[in-house]
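Below is one structure, written out as structure tokens; comments come after it.
Letters A, B, ... mirror the listed sequences (proteins, then strands); counts begin at 1. Computed from heavy atoms alone, side chains included, the values below leave out hydrogens, waters and symmetry copies.
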Amino acid sequence: MRDRDTDAQVLKRIGEGDTSAFRIVVEKYKDTSFSLACSILKNPEDAEDALQEAFIKVYRNARQFRVDSLFSTWLYRIVVNTCLNAKEKNKSYVQEEVLKSKESGLKSGLDALIEEERRVYVLRALEIMKRDESLLLRLYYLCDLKVVEIVEITGFSESNIKVILHRARKNLSQLLEKLTGNDKRSLL
Amino acid sequence: MTEEKTRELISRSLLKTSEGFADRLVEKVETQKAGRKKTNVLFLLSCIGCFMLLFLPVALIKSVNFSHIQLTLPPITIKVLCSLIVFITINRLIFLRKKILQERFN
């Protein structure tokens, strides 16, 4: 509730043209939004461009935000729609680039290496998966949204989301097994 | 795979934007904001200029009195001034539009 109030206050300031408030929102949501954008566009550069466009839309339309709804839901809906439009414009994109991964925090040699390896496998699996599956997995588990909120963002029906999520979990498990091969026990 | 395991795995998939992403974005928004303000002022000026050019009688102001000197204007002066203002502001507006379009496609 407090988070919702803070977001609403910040949004009000953005509506008045305060760019420092806009920076707060960008810093808070840029990474989760970027992950969602990558799920759809599968390319970091395109995802960053689309994300920039999405945040500019947020800045311009901040006054239209209704306080009774959740800001994150509104933002993610804008991000998803902007990325889908970008995807439509650029259908010829070849899905080959491996997503760069960066690890934050200090970890000792081997631990950090294993962590990084796990992360690369998960990212690779999400990259190979179908767009809707990886998007829903991230919305549900990474952004910690409820199914009802995902309905609002994607426009899919509740039952459809549950089916896709179930299928996505299964696919993720299978893909990780394929990708890790013999290392699966030690890595996952 | 269990719910917790999936959650734990997916939490590893958080990707980070490139360095300076927020700075670049805020800078872009500030430039656009300044550009929009400038465009509005120019648009208003050109509207006033057009209005005066069309509706102000030619010989309305014949002379301007300052404290020591009196400046006598030919009847067409105001109209010429308005035409100049409209010409300059429209030119600036076209230039701004070009600049905005260039930024958008870069």
Side-chain angles (χ1 to χ4, degrees), chain A residues 14 17 19-20 22-28 30-39 44-45 47-48 51-53 55-56 58-60 99-104 115-116 118-127 134 137-144 165 168-170 172-174 176-177 188, chain B residues 1-50 85 88-106:
Chain A
I14 295 174
T19 44
S20 63
F22 178 63
R23 183 185 284 275
I24 295 171
V25 166
V26 173
E27 293 286 358
K28 188 173 173 187
K30 66 181 166 71
D31 291 337
T32 43
S33 304
F34 182 59
S35 306
L36 292 181
C38 282
S39 290
E45 278 103 47
E48 220 168 70
L51 195 60
Q52 244 190 28
E53 207 183 313
F55 274 118
I56 289 172
V58 168
Y59 181 80
R60 284 190 189 150
L99 297 168
K100 291 171 202 161
S101 58
K102 291 171 193 168
E103 185 66 42
S104 58
E115 275 288 291
E116 186 56 33
R118 277 175 175 167
R119 193 174 138 76
V120 169
Y121 280 129
V122 175
L123 284 173
R124 186 74 193 130
L126 285 169
E127 200 191 335
S134 68
L137 277 178
R138 276 183 164 133
L139 281 170
Y140 190 74
Y141 293 109
L142 187 69
C143 304
D144 224 7
L165 270 174
R169 273 193 295 266
K170 212 170 142 188
L172 178 69
S173 169
Q174 283 170 354
L176 286 173
E177 269 184 38
L188 306 171
Chain B
M1 201 187 299
T2 61
E3 277 289 297
E4 278 82 63
K5 189 75 199 167
T6 316
R7 193 175 293 278
E8 194 230 318
L9 286 174
I10 299 296
S11 67
R12 292 176 205 281
S13 74
L14 182 72
L15 293 163
K16 291 193 190 273
T17 53
S18 63
E19 241 172 82
F21 172 79
D23 294 331
R24 285 198 303 277
L25 183 58
V26 172
E27 201 185 307
K28 198 172 178 179
V29 164
E30 272 169 354
T31 315
Q32 282 185 2
K33 194 177 149 189
R36 205 169 305 134
K37 208 173 168 183
K38 213 171 173 181
T39 311
N40 287 343
V41 171
L42 285 172
F43 184 71
L44 191 75
L45 264 177
S46 66
C47 282
I48 292 170
C50 283
I85 290 171
I88 292 167
T89 49
I90 288 177
N91 257 303
R92 291 295 304 163
L93 277 172
I94 292 169
F95 174 74
L96 267 175
R97 189 179 155 68
K98 255 188 191 171
K99 212 171 138 186
I100 290 167
L101 285 175
Q102 253 175 9
E103 268 173 25
R104 194 170 289 175
F105 290 113
N106 276 341

Which distance, rounded to the nearest 0.5 Å, do you find between the [atom1] of [X] and the [atom2] of [Y]?
X: A:Arg169; Y: B:Lys5; atom1: CZ; atom2: NZ; value: 15.0 Å
X: B:Ser13; Y: A:Arg124; atom1: OG; atom2: CZ; value: 14.5 Å
X: A:Leu51; Y: B:Leu25; atom1: CG; atom2: CG; value: 8.0 Å
X: B:Leu15; Y: A:Arg138; atom1: CG; atom2: CZ; value: 5.0 Å
X: B:Lys33; Y: A:Arg60; atom1: NZ; atom2: CZ; value: 13.5 Å
X: B:Ile10; Y: A:Leu172; atom1: CD1; atom2: CG; value: 5.0 Å

Partner set under side-chain hydrogen bond (donor to acceptor under 3.5 Å, both in side chains) for B:Arg36, not counting sequence neighbours
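B:Arg36: no side-chain hydrogen bond (donor to acceptor under 3.5 Å, both in side chains) contacts found.
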
Does any heavy atom of chain B fall under 4.5 Å from the side chain of A:Leu126, the backbone, both, or neither of them?
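Side chain only.
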
How close do B:Lys16 and A:Phe34 get, counting heavy atoms only, and between which atoms?
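Distance-wise, the nearest heavy atoms are O-CE2, 3.2 Å.
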
For chain B, the option from A:Ser35, A:Ala37, A:Ser20 that forms the most heavy-atom pairs under 4.5 Å:
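The option with the most such pairs is A:Ser35.
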
Taking B:Arg7 for the side chain and A:Asp144 for the main chain, is one N or O donor matched with an acceptor at less than 3.5 Å?
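Checked: no pair found.
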
Hey, is the main chain of B:Ser18 close enough, under 3.5 Å, to the side chain of A:Glu48 for a donor-acceptor pair?
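Answer holds: yes.
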
Quick one: are B:Glu8 and A:Tyr141 in side-chain contact, heavy atoms under 4.5 Å?
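Result no, sub-4.5 Å side-chain heavy-atom pair not found.
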
B:Phe21 vs A:Val26 side-chain heavy atoms within contact, under 4.5 Å
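Yes, close enough: below the 4.5 Å cut-off.
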
Greater than 12 external heavy atoms within 6.0 Å of A:Glu27's CD
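Yes, CD of A:Glu27 has more than 12 neighbouring heavy atoms, counting only those of other groups under 6.0 Å.
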
Which region of B:Glu3, side chain (C-beta onward) or backbone (N, CA, C, O), has a non-hydrogen atom less than 4.5 Å from a non-hydrogen atom of chain A, or is it both or neither?
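Both backbone and side chain.
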
When only heavy atoms count and the cut-off is under 4.5 Å, which of residues 38-48 of chain B reach chain A?
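When heavy atoms of chain A are the reference, residues 38-48 of chain B contributes no residue within the under-4.5 Å range.
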
